[in-house]
Number of protein chains: 2
Amino acid sequence: MGVIEGKWKVSILWALGEGACRFGRLRRMLPGITEKVLASHLRELERDGMVTREEFAETVPKVEYSLTGPGIALNRALEPLGDWGKRHLLGG
Amino acid sequence: MGVIEGKWKVSILWALGEGACRFGRLRRMLPGITEKVLASHLRELERDGMVTREEFAETVPKVEYSLTGPGIALNRALEPLGDWGKRHLLGG
DNA sequence: GTGGGCACTATCCTGGCGGTAAGCGATCTC
DNA sequence: GAGATCGCTTACCGCCAGGATAGTGCCCAC
């Protein structure tokens, strides 16, 4: 449970589930999240082995985040929860 | 997500998944939880329609909590998460 | 040369979650 | 009558997750 605790962690996981993302793109995909929170959550997810951080040493700083195997599995395990939410909270 | 946020809520749901329970029994099933937290979480779960509270007017106070339909569905939706946890955190 | 985008980091601040402890009102036990 | 059981409620406190804001170093566009 600790792995997904944090206000935005599940959202990050879901956003990343659609494909690898850069920091700024993630931020834009998650309206309302602050950079600090995104950065710290990303770091925790990385520490827990759910995402990988790939840094590209180019003139323009570029970092890509993507789900690891366990991260993808976690996302799948989270899917029923999303379905449940849609069914019982949104869909009546 | 708000429905399962709270340090002990998932544990309560799982405990209740094994059958209806009285307050004191729940407390004993969840070592470390305080009465205040159990009571407030139970109240939130009730408000969110996940559990029912049945009060029996006997000489000895008796209250039973049980999962509602959505509560049971939530529990099921939480199962994959439990499996994932066992697989990736405990089972290597 | 001024401004903006990039990916952060640092600092400060606040709310509220959760822990501790105590009380209550009836009854049953020793 | 002291203590325990039962299901809470109330009051208080501490901590820290998370929000707001600003700064950094490099490069590009205007």
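Heavy atoms only: backbone and side chains are in, while hydrogens, waters and symmetry mates are out. Sequence lines set the chain letters: A, B, ... in the order given, protein chains first and strands last, and positions in each chain run from 1.
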- Is A/Lys7 near enough to D/dG19 that one of its side-chain N or O atoms lies under 4.0 angstrom from OP1 or OP2? yes
- Would one find a side-chain N or O of B/Arg28 under 4.0 angstrom from OP1 or OP2 of D/dT5? no
- Task: Using heavy atoms to find the nearest nucleotide of DNA chain D for A/Pro61 and A/Gly6 separately, return the residue whose nucleotide is more 5′.
- Result: A/Gly6
- Item | Sugar-phosphate only, base, or nothing, as touched by A/Arg25 at under 4.0 Å among non-hydrogen atoms | nothing
- Euclidean distance, atom CZ of residue B/Phe56 to atom P of C/dT27 [Å, nearest integer]: 19 Å
- Query: Considering only heavy atoms from C-beta outward, does the side chain of B/Leu38 approach that of B/Tyr65 to under 4.5 Å?
  - Reply: no
- Message: Regarding B/Tyr65, tell me which of base, sugar-phosphate or nothing describes its non-hydrogen contacts under 4.0 Å with the strands shown.
- Response: sugar-phosphate
- When the distance from CG of A/Leu30 to C1' of C/dA7 is rounded to whole Å, what number comes out? 15 Å
- Query: Under 4.0 Å between a side-chain N/O of A/His41 and OP1 or OP2 of D/dA17, yes or no?
  - Reply: no
- Task: Go through B/Met1 and A/Val10 one step at a time and tell me if the side chain to side chain contact (heavy atoms under 4.5 Å, CB included) criterion holds.
- Result: CA-CA 9 Å; B/Met1 280 301 137; A/Val10 175; 4.0 Å; yes
- Item | Between C1' of C/dG5 and CG of A/Leu26, the distance in whole Å | 16 Å
- Task: Let me know the distance between CD of B/Glu55 and P of D/dG7, rounded to the nearest Å.
- Result: 10 Å
- Answer whether the closest heavy-atom distance between the side chains of B/Leu42 and B/Arg53 falls below 4.5 Å. no
- Interatomic distance, A/Leu42 CG vs C/dT9 C1' [rounded to whole Å]: 14 Å
- Measure from the side chain of B/Val37, starting at C-beta and using heavy atoms only, and say which of C/dG18, C/dC6, D/dG18 lies closest. C/dG18
- Value in whole Å for how far the C1' atom of D/dC26 lies from NZ of A/Lys62: 17 Å
- Separation of A/Phe23 atom CZ from C/dG5 atom C1', in whole Å? 13 Å
- Query: In terms of side-chain heavy atoms, does B/Thr52 have a donor or acceptor partner in B/Ser66 at a distance below 3.5 Å?
  - Reply: yes
- Message: I want to verify a distance call: between D/dT9, C/dG19, D/dG18, whose nearest atom is closest to the B/Arg43 side chain?
- Response: D/dT9
- First of B/Ser40 and A/Gly32 reached from the 5' end of DNA chain D, by closest nucleotide: B/Ser40
- Message: With heavy-atom distances below 4.5 Å as the criterion, would you say the side chains of A/Val3 and B/Trp84 are in contact?
- Response: yes
- Query: Which is true for A/Arg22 with a 4.0 Å heavy-atom rule: it touches a base, it touches only sugar-phosphate, or it touches nothing?
  - Reply: sugar-phosphate
- Note on the structure: The nucleotide from C/dT9, D/dG19, D/dT10 with an atom nearest the side chain of B/Lys36 is D/dT10
- A/Leu38 CG - C/dA7 P separation (whole Å): 10 Å
